[in-house]
Protein chains: 2
Amino acid sequence: MHAIREAMAEMHARSEAIPPVSPAVESLVRQVIAQVADKWTMLVLEALEERGTLRFTEVGRVVGGISQKMLTKTLREMERDGLVVRTVHPVIPPHVDYTLTELGRELSAAFCGVWTWAETYYAQVSAARKAFREREEGA
Amino acid sequence: MHAIREAMAEMHARSEAIPPVSPAVESLVRQVIAQVADKWTMLVLEALEERGTLRFTEVGRVVGGISQKMLTKTLREMERDGLVVRTVHPVIPPHVDYTLTELGRELSAAFCGVWTWAETYYAQVSAARKAFREREEGA
DNA sequence: TTTGACACTCTCCTTTTGGTGCGTATGGCA
DNA sequence: TGCCATACGCACCAAAAGGAGAGTGTCAAA
């Protein structure tokens with residue numbers, strides 16, 4: 001009855017022994033990856049990379065299709081992680097702008113490969129999806 | 001009263017004019033990015049990249065901390081997108097194994113930069129987070 | 001005869017994600 | 001006098017993500 005439970009428990013237990021680097025580092029890296037490999041983060045990163053400094057609404061416009069709530073949240077997290085600098089000009093109406101830090105620019109460069117992959121292979125991905133759909137419809 | 005509504009509407013309308021490439025391609029690329037830039041997808045990709053062919057439970061063990069449900073879902077999506085090949089050996093107990101396709105290997109290579117970034121800069125990210133926490137506690 | 005193994009599927013439940021719409025401060029403009 | 005603009009915060013709600021646990025089918029070993 002509890003076969004799966006035990007199997008999964010063992011799976012998790014044994015997985016501790018597998019990582020080649022220290023588990024603490026591995027965990028941190030995964031945490032960073034999980035938060036950084038976010039759709040909006042990638043999009044904002046790209047917007048700031050190719051446009052330089054932008055204001056709040058400008059980021060939204062360039063990214064496109066993002067709600068104010070998610071824009072705020074994404075920018076806050078990026079600021080917290082040291083990817084962007086938030087500069088507030090105390091004027092009325094408020095003026096805030098966002099710029100990538102060196103860390104942010106490095107990350108953007110790292111993601112460049114993924115963008116290139118997507119642009120190079122998106123046609124192959126759609127083809128694969130189409131074939132998959134047809135296979136399961138035929139079944 | 002409807003200032004925000006109008007601002008956002010205009011934001012979305014104008015955003016159509018900004019992308020440098022065709023909007024259809026842009027949309028597809030974003031779709032691909034959004035699905036591929038997923039935590040579990042990245043982790044499974046890496047597991048298969050460095051271990052070669054793996055069975056279902058082996059993938060789970062190597063990735064670590066993933067539920068069966070998410071493992072199934074992630075592998076199915078990757079199969080659908082042409083990133084992995086799923087081979088069923090009709091024996092009992094069942095034996096299914098997963099291997100990266102060329103497309104999958106290319107994507108894995110593309111993500112390599114992000115992994116490197118995370119490993120290189122995770123310490124800077126934690127430092128940034130710590131500084132951020134202290135700043136907001138002090139405020 | 002019971003049990004375990006694999007690779008799932010299904011249901012139930014909680015957590016997270018994300019959208020909408022409202023409120024806010026205040027100097028400048030009509 | 002009163003509305004507009006910016007960059008949010010907050011409350012409410014729907015949808016999706018994700019985890020836990022049980023069930024499945026069949027054969028071989030205990």
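Letters A, B, ... mirror the listed sequences (proteins, then strands); counts begin at 1.
- The phosphate of C:dC8 (OP1 or OP2) has a side-chain N or O of B:Arg76 nearer than 4.0 angstrom.
- Within the structure, a side-chain polar atom (N or O) of B:Arg86 is placed less than 4.0 Å from OP1 or OP2 of C:dC8.
- In this model, a donor atom of one side chain and an acceptor atom of the other lie less than 3.5 Å apart for B:Thr99 and B:Thr53.
- Side-chain polar atoms of A:Gln35 and A:Arg80 form a donor-acceptor pair below 3.5 angstrom.
- Distance CZ (A:Phe56) to P (D:dG9): 8 Å, rounded to an integer number of Å.
- The aromatic rings of B:Tyr98 and B:Phe56 are tilted relative to each other, their planes meeting at an angle between 30° and 60°.
- As rounded to whole Å, 11 Å separates atom C1' of C:dT14 from atom NZ of B:Lys69.
- Comparing the start and finish of the helix from C:dT1-D:dA30 to C:dA30-D:dT1, five pairs each, the helix axis swings through 30°, to the nearest 10 degrees.
- Ranking C:dG19, D:dC8, C:dC6 by closeness to the A:Gln68 side chain, first place goes to D:dC8.
- The side chain of A:Thr72 lies closest to D:dC8 when the candidates are D:dA7, D:dC8, C:dC6.
- Straight-line distance from the NZ atom of A:Lys39 to the P atom of C:dT17: 14 Å, rounded to whole Å.
- The pair B:Glu102-B:Arg105 meets the salt-bridge criterion, since a charged nitrogen lies less than 4.0 angstrom from a carboxylate oxygen.
- Atom P of nucleotide D:dC8 and atom CG of A:Leu71 are separated by 8 Å, given to the nearest angstrom.
- Atom pair A:Asp38:CG and D:dA17:C1' shows a separation of 14 Å (rounding to whole Å applied).
- Remark: the backbone N or O of B:Leu83 is paired with a side-chain donor or acceptor of B:Thr101 at under 3.5 angstrom.
- In this structure, A:Glu58 contributes its side chain and A:Arg55 its backbone to a donor-acceptor pair below 3.5 Å.
- Atom C1' of nucleotide D:dA7 and atom CG of A:Leu54 are separated by 15 Å, given to the nearest angstrom.
- Phosphate proximity of C:dA7 to B:Arg55: present, with a side-chain N or O under 4.0 Å from OP1 or OP2.
- Of the candidate nucleotides C:dT9, D:dT6, D:dG25, D:dT6 has the atom lying nearest to any side-chain atom of A:Pro93.
- Taking atom CG of residue A:Leu75 and atom C1' of nucleotide D:dT6, one finds them 14 Å apart after rounding to whole Å.
- Judged by closest nucleotide on DNA chain C, B:Pro94 is the one of B:Pro94 and A:Lys73 placed further toward the 5' end.
- Counting to the nearest Å, the C1' atom of C:dA7 and the CD1 atom of B:Ile66 are 14 Å from each other.
- Two residues, A:Val96 and B:Ile92, neighbour DNA chain D, and the one matched to the more 5' nucleotide by heavy-atom proximity is A:Val96.
- Remark: B:Thr57 is in phosphate contact with C:dA7, judged by side-chain N or O atoms under 4.0 Å from OP1 or OP2.
- A donor-acceptor contact shorter than 3.5 Å is absent between the side chain of B:Ser108 and the backbone of B:Glu49.
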